[in-house]
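Just below is one structure, and these are the notes that go with it.
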Amino acid sequence: MANKIKISGSDALILSLIAEGTDVMFGYPGGQVIPLYDRLYDYKDRIRHILTRHEQGAAHAAQGYARATGKVGVCVSTSGPGATNLLTGIADAMLDSTPMVCITGQVPSAILGTDAFQEADIISMSMPITKWNYQVTTASEIASAVAKAFYIARSGRPGPVLIDITKNAQVEEVDFTYRPCTGLRSYNPKPKMNGSAAEVVELVNAAKRPLILAGQGVKLAGAEKALVEFAEIGNIPVATTLMGISAIPNSHPLFVGNLGMHGNVAPNEMSQAADLLIAIGMRFSDRVTGAINAYAPNAKIVHVDIDPAELGKNLRCDVPIHADALEALEAFKIGLKHVDRDEWFAFAKEKAEEEKHNVKGFCGEACNGFITMSQVIQKLAEVEEGDAVIVTDVGQNQMFSARYSKFNATRSFITSGGLGTMGFGLPAAMGAKVGVPQREVVAILGDGGFQMTMQELGTIMQNKIGVKILVLNNSYLGMVRQWQELFFNSRYSFTELENPDFAKIASAYDIPAKRIIKPEELEGALREMKEAKGSYFLEVAVLPQENVFPMIPAGASLSNMLMSND
């Protein structure tokens, strides 16, 4: 917009969002954002607002939208409790590098600091969990604040930002013009590659047992194709972190599985036997490494990350590469040789077979007349044929989904990784479906996490969001119960749940619903869910005390995997 126009601060905010490509925002009105919502009424044909049932739902929906589309998610709330209700989603987005712009209302600037009604110092509260935050006190600041917010949120290592806008700034008039932000002094989001690509290539060509560890940074950089090409040229096996799942298709012959506490046997054992690890866009979380002093004892480590703070933070690094993942992978292909590694791939196959033989539930079978969670996820993978976006909550449902789902395309697995937020799944799936309406989106939830944000069924109903909802009901907080069984002598302290009739609740929201309890009902119910034209709710009563294996106990080495309860 080259020409200045005189408009209210609220209009300036809305037009700034539109200029940044915002087509949808998730929010909940309140006293200090009424001026914004009043003006939003006149922009309904240019920007879609989705009224969630709780501000936490708005934040998670914005995350799901961002993760599914690669765009910046936007959420809005009023001041005080409205703003503080966003904090869980903001913290989640920060740990999982999700680009999000959060807009909060604030009391008028004249009474800031007086403990006015619904005043909360959201700037101080959100500072540790945002890439950047800023309080706007005059309308003249709005356009530049929005421009900076979007630039910071989407550039470099993405993350959430927050703009707190006082009520007076929303009603004041301003001469408006919008200029996108293209750079900020002292902020270098995409560094020139720092490190020797030639050194990395030399190490890869000489390695007998190399392994690529692909994290979410591959997806954030749009480097999925480059990852596959690098692996194919060098004949290198690829494993993914929880957040990296779907960066490479499951069907690719070089894909060996998922890393970590509940990952696959092959990539975990390969990490311990490797002579070279090439880590790309991942942070060596404790959930991936297990005991640091016993991790990858024989391997040289190449670590590529756009955030220099991650290089050497958790683990020694022989070759740190501070770079964008796409740029690094393109550089690594130069001079790379195809090396026969038959013994290394035979080792991977042997460990995969060991997992099939030793891990209960691997075959997706019923147990003592009960449907198992592993059975549900494997059957769902067959029905969806790898084409669905799977959004999970946190707990056993999450780990079974990560282990047994299949993916043909990137950005197809959305979960709360770093923060592990129960209640994430339903609103995030809702946001993902809004972002990619042409794709099938399935929310896989436990009965505990579902009840934390199940009010968002109302948002799904009102906005006719065609998300499929699959609740695995074992009447427990399943992952905590598993730890109690394995490490606390089966003392199930406050983990058993007495649940309502979930199908009746979904039906009350005018969502077609079914509950099944018998294994022979499973495939038909999943196909009915897939074929439903709009939203659909399926509750599956599953084995109450099923455990997720393999499992690496907290603080143990990757070499000490538990395969069963025995």
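Predicted model only: the values in this text are computed from it and were never measured.
- Atom OH of Y509 sits about 8.5 Å away from atom OG1 of T459, to the nearest 0.5 Å.
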query = Can you check side chain to side chain contact (heavy atoms under 4.5 Å, CB included) on V394 and M479, steps first, answer last?
reply = CA-CA 9 Å; V394 168; M479 188 60 84; over 6 Å; no
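- Within the 4.5 Å cutoff, side-chain heavy atoms of D447 are placed close to those of N474.
- In this model, no donor atom of one side chain and acceptor atom of the other lie less than 3.5 Å apart for E485 and Q545.
- Under the 4.5 Å side-chain criterion, counting only non-hydrogen atoms from C-beta, L486 is in contact with N565.
- When the shell of 6.0 Å around CZ of F488 is examined, it contains 12 or fewer heavy atoms from other residues, nucleotides or ligands.
- Of the N and O atoms on the side chains of H60 and Q63, at least one donor lies less than 3.5 Å from an acceptor on the other residue.
- A donor-acceptor pair under 3.5 Å links the side-chain atoms of Q396 to the main chain of E546, judged by distance alone.
- The closest side-chain heavy-atom distance from Q451 to N499 is below 4.5 Å.
- Although no hydrogens or angles enter the test, the distance criterion places no donor-acceptor pair under 3.5 Å between the side chain of K530 and the main chain of K468.
- One N or O on the side chain of N264 and one on the backbone of N258 form a donor-acceptor pair closer than 3.5 Å.
- One N or O on the side chain of S246 and one on the backbone of R411 form a donor-acceptor pair closer than 3.5 Å.
- For the residue pair S557 and A291, the shortest heavy atom distance occurs at N-CB, 4.1 Å.
- Rounding to the nearest 0.5 Å gives a distance of 9.5 Å between NE2 of H54 and CG of L86.
- Heavy-atom minimum distance, I129 versus I90: O-CG2, 3.2 Å.
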Check residues 417-434 and write down every donor-acceptor pair under 3.5 Å in which the side-chain atom is one partner and the other belongs to a residue at least two apart or another chain.
{"unit_1": "T421", "atom_1": "OG1", "unit_2": "D92", "atom_2": "OD2", "d": "2.6"}
{"unit_1": "K433", "atom_1": "NZ", "unit_2": "P437", "atom_2": "O", "d": "3.0"}
{"unit_1": "K433", "atom_1": "NZ", "unit_2": "R439", "atom_2": "O", "d": "2.6"}

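- In terms of heavy-atom proximity, T410 sits nearest to A247 at OG1-CA, 4.3 Å.
- The main-chain N or O of D307 is found under 3.5 Å from a side-chain atom of D305 such that the two form a donor-acceptor pair.
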request  = Before giving the answer on side chain to side chain contact (heavy atoms under 4.5 Å, CB included), spell out for T22 and V72 the whole-Å C-alpha distance, their side-chain angles and the decisive distance to 0.1 Å.
outcome  = CA-CA 8 Å; T22 303; V72 177; over 6 Å; no
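- Here the closest heavy-atom approach between residue V161 and residue A153 is recorded as CG1-N, 4.1 Å.
- Between the CD atom in E523 and the CG atom in L380 there is a gap of 11.0 Å [rounded to 0.5 Å].
- The main-chain N or O of N473 is never found under 3.5 Å from a side-chain atom of E539 such that the two would form a donor-acceptor pair.
- Ring planes of W483 and F487: perpendicular class, angle over 60° (limits at 30 and 60°).
- Residues satisfying the salt bridge (Lys or Arg N to Asp or Glu O under 4.0 Å) criterion with K131, sequence neighbours excluded, are absent altogether.
- Within the model, atoms SG of C102 and CD1 of I122 stand 9.5 Å from one another, a figure rounded to the nearest 0.5 Å.
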query = Can you check side chain to side chain contact (heavy atoms under 4.5 Å, CB included) on V540 and M373, steps first, answer last?
reply = CA-CA 9 Å; V540 182; M373 281 188 265; over 6 Å; no
inquiry  = Would F494 and V480 count as a side chain to side chain contact (heavy atoms under 4.5 Å, CB included) here? Give the steps.
reply    = CA-CA 10 Å; F494 302 102; V480 182; over 6 Å; no
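- Counting heavy atoms of neighbouring residues, nucleotides and ligands inside a 6.0 Å radius, atom CD of Q438 exceeds 12 of them.
- Residues L87 and S126 meet the side-chain proximity criterion, which asks for heavy atoms closer than 4.5 Å.
- A side-chain N or O of Q484 and one of T495 form a donor-acceptor pair less than 3.5 Å apart.
- For K514 and E521, the salt-bridge test fails: no basic side-chain N is under 4.0 Å from an acidic carboxylate O.
- Counting only distance, with no hydrogens or angles, the side chain of R53 and the backbone of L51 share a donor-acceptor pair below 3.5 Å.
- Taking both residues in full, the closest heavy atoms of I552 and G260 are given as CD1-O, 3.5 Å, listed atom of the first, atom of the second, then distance.
- Here the straight-line distance linking atom NE2 of H49 with atom CG of L40 works out to 6.0 Å at 0.5 Å rounding.
- Side chain of H262 to backbone of P550: a donor-acceptor contact under 3.5 angstrom is found.
- Counting only heavy atoms from C-beta outward, the side chains of L457 and F450 approach each other to under 4.5 Å.
- For the pair E531 and R527, the salt-bridge criterion is not met [side-chain N within less than 4.0 Å of a carboxylate O].
- Put simply, the side chain of Q272 gets close to the backbone of A296: a donor and an acceptor are under 3.5 Å apart.
- Side chain of E55 to main chain of Y28: no donor-acceptor pair is present (N/O by atom type, distance under 3.5 Å, no hydrogens or angles).
- For the pair E20/V101, no side-chain contact is recorded, criterion being any heavy-atom separation below 4.5 Å from C-beta on.
- Distance check: S271 OG to L277 CG gives 5.5 Å after rounding to the nearest 0.5 Å.
- When ring centroids are compared, F407 and F255 stay outside the 6.0 Å threshold.
- Counting heavy atoms of neighbouring residues, nucleotides and ligands inside a 6.0 Å radius, atom CG of D510 does not exceed 12 of them.
- Using a 4.5 Å cut-off on side-chain heavy atoms (C-beta onward), V359 and R403 make contact.
- Counting non-hydrogen atoms of neighbouring residues, nucleotides and ligands closer than 6.0 angstrom, the NZ atom of K504 reaches no more than 12 such neighbours.
- G215 approaches T241 most closely through the heavy-atom pair CA-OG1, 3.5 Å.
- Side-chain contact between Q375 and C367 is absent, with no heavy atoms from C-beta onward closer than 4.5 Å.
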